[in-house]
Structure formats: structure tokens, C-alpha cells
Amino acid sequence: MLDLNELEKGLPAISSSFGKALAEAGGVCFESQSHRQGVLIEIRGFSSTDYSLNWPTITDQIRRNWNDPEEATEFGATAVAVLLIKKEVGFSVINRARKGKGFDYWLGDEDSMPFQNKARLEISGIRSGKYSHIKSRLKKKLKQTEPSDGLLPAYIVVVEFSKPAAEIRDK
């Protein structure tokens with residue numbers, strides 16, 4: 001199971017309140033595509049596991065909060081991606097990357113202090129699209145990480161909400 005509610009516990013680079021907001025955004029995205037709790041998300045690329053999904057109860061207030069579809073999709077994809085990377089790769093988001101680096105988060109071991117950067121994570125979301133859209137976005141995101149290539153490995157996660165799927169690639 002991939003339970004977006006787990007984000008409310010927080011991660012090294014995600015506060016509990018931001019984690020809750022990410023989970024809400026993910027729930028809004030899935031429900032906007034007529035999905036119910038327990039829907040399966042198909043994982044492709046790095047892994048071929050399917051997970052059932054769980055998210056917070058989505059109220060009208062939460063829907064109004066996440067009324068900007070582009071922003072909800074971005075943050076909803078982040079919710080899914082950070083949990084998938086933790087499950088599939090074993091890394092946690094340990095620091096937010098600054099703009100212009102070509103990726104979103106630094107990854108590392110959550111239980112290791114001080115935190116050591118082990119990899120990079122770039123995330124993208126598609127509210128409604130075909131598999132060809134995922135492949136196209138993946139290609140774009142692989143290119144986007146090029147300026148920071150050579151530093152550490154990169155993982156790219158593209159999340160699609162209409163037919164729940166996520167493609168994970170490492171570079």
C-alpha cells in the first residue's frame with residue numbers, strides 16, 4: 001500500500017504540515033479523476049509493482065484549497081513520488097534543491113546523521129494523459145537533470161493520475 005497519509009509524519013525535508021498538504025493535493029488529483037480509496041497505481045520502469053493507494057478524506061474546503069489544477073498536480077505528484085522512492089529505492093528526501101539545479105530534492109538515508117546526499121530526485125505530474133505523455137515527460141525530465149549530472153545518480157518520477165501510473169527511472 002502507498003498511504004499518502006504517512007506524509008503527515010514528515011520526512012527530513014518535508015514538515016508534517018507540508019506532508020499533510022501534499023497528501024491532500026494527491027487525494028484531490030486522484031478524486032478529480034473519479035478514483036476511490038484503494039485504487040491501484042501501476043509502477044513502471046525501475047520497478048513493476050502495483051500499490052493500492054490511500055489518501056486523506058477530501059472535503060469541499062480541501063478541493064477549494066487545491067482549485068489550481070497545475071499546482072495540485074505538482075504537489076500531488078510530489079506526495080506519490082517521495083513515498084515511492086522511499087519504498088522502491090530506500091532513500092528519503094533529505095533536502096530541497098534550489099531552483100536552477102535541474103531537480104527537486106536531494107535524497108539520502110533518513111537514519112544517517114548528519115545527512116549525506118546520495119542521489120537527486122526530479123518529479124513531474126500529469127493529471128490526465130496517455131502513456132506516450134509519460135514517456136515524453138520522462139525524456140524531458142532526464143534532459144532537465146543534465147546540468148547536475150556527474151554529481152550523484154538521479155531518479156526521475158513521473159506520476160499520472162487518470163489511469164494511476166508512475167514511471168521511475170534512474171540515471
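Residue numbers run from 1 in the order of the sequence given.
The shortest side-chain heavy-atom distance between T73 and I126 does not fall under the 4.5 Å cut-off. Within the 4.5 Å cutoff, side-chain heavy atoms of P164 are placed close to those of F30. Taking 4.5 Å as the limit, every side-chain heavy atom of I85 sits out of range of all side-chain heavy atoms of V93. Contact check for N117 versus L107: no side-chain heavy atoms found under the 4.5 Å cut-off. You'll find the side chain of F46 stays beyond 4.5 Å of the side chain of V157, heavy atoms only.
No side-chain donor-acceptor contact under 3.5 Å links D50 to the backbone of L40. In this structure, R120 contributes its side chain and S148 its backbone to a donor-acceptor pair below 3.5 Å. No donor-acceptor distance shorter than 3.5 angstrom exists from the side chain of K9 to the backbone of G19, with no hydrogens or angles considered.
In the hydrophobic clustering of this structure, Y105 groups with V159; members are Ile, Leu, Val, Met, Phe, Trp, Tyr whose side-chain heavy atoms approach within less than 4.5 Å, directly or through other members. Hydrophobic clustering of Ile, Leu, Val, Met, Phe, Trp and Tyr side chains at less than 4.5 Å, counting indirect connections, unites L11 with I168. Hydrophobic clustering, with ILVMFWY side chains joined whenever heavy atoms are under 4.5 angstrom apart, groups V39 together with L22. The cluster map of Ile, Leu, Val, Met, Phe, Trp and Tyr, joined by side-chain heavy atoms under 4.5 Å apart, puts I43 and V89 in the same cluster. The cluster map of Ile, Leu, Val, Met, Phe, Trp and Tyr, joined by side-chain heavy atoms under 4.5 Å apart, puts L2 and I123 in the same cluster.
For the atom pair NZ (K87) and OG1 (T49), the distance works out to 10.0 Å, reported to the nearest 0.5 Å. In this structure, NZ on K141 lies 7.0 Å from CG on D104, to the nearest 0.5 angstrom. Here S128 contributes atom OG and E160 contributes atom CD; the two are 6.0 Å apart, rounded to the nearest 0.5 Å. Between W106 atom CH2 and R96 atom CZ the span is 14.0 Å, to the nearest 0.5 Å. One finds the CG atom of L138 at 11.5 Å from the CD atom of Q144 (value rounded to the nearest 0.5 Å). Considering OG1 of T78 and CG of L83, their distance stands at 10.5 Å, rounded to 0.5 Å.
The shortest non-hydrogen separation linking I58 to R63 is O-NH2, 3.4 Å. Nearest heavy atom pair, residue E167 against residue G45, reads OE2-CA, 3.9 Å. A pairwise comparison of heavy atoms in I94 and A13 identifies C-CB, 3.4 Å as the closest pair. Summarising the geometry of G129 relative to H133, their closest heavy-atom pair is CA-ND1, 3.3 Å, with the distance given to 0.1 Å. What you find for P69 and R127 is that their closest heavy atoms are O-NH2, 3.2 Å. Taking each heavy atom of F103 and L121 in turn, the nearest pair found is CB-O, 3.6 Å.
No more than 12 heavy-atom neighbours from other residues, nucleotides or ligands sit within 6.0 angstrom of NZ on K140. Within a 6.0 Å sphere centred on NZ of K139, other residues, nucleotides and ligands contribute 12 heavy atoms or fewer. Under a cut-off of 6.0 angstrom, the local environment of NZ in K20 is sparse, with at most 12 non-hydrogen atoms contributed by other residues, nucleotides or ligands.
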### Query
Which is it for E6 and K86 under the side chain to side chain contact (heavy atoms under 4.5 Å, CB included) test, yes or no, and what are the steps along the way?
CA-CA 12 Å; E6 290 178 19; K86 193 170 179 183; over 6 Å; no
### Task
List the steps, then state whether side chain to side chain contact (heavy atoms under 4.5 Å, CB included) holds for D109 with Q116.
CA-CA 7 Å; D109 297 318; Q116 297 287 320; over 6 Å; no
### Task
Given side chain to side chain contact (heavy atoms under 4.5 Å, CB included), test N95 with F115 step by step and report yes or no.
CA-CA 9 Å; N95 208 356; F115 295 126; over 6 Å; no
### Message
The test is side chain to side chain contact (heavy atoms under 4.5 Å, CB included); show your working for H35 and W55 and say whether it passes.
### Response
CA-CA 11 Å; H35 297 303; W55 55 83; 4.3 Å; yes
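Taking the six-membered ring where tryptophan is involved, the planes of F75 and W66 are tilted, since the angle between them lies from 30° to 60°.
Side-chain contact annotation: T145 with E122, donor-acceptor N/O pair under 3.5 Å absent.
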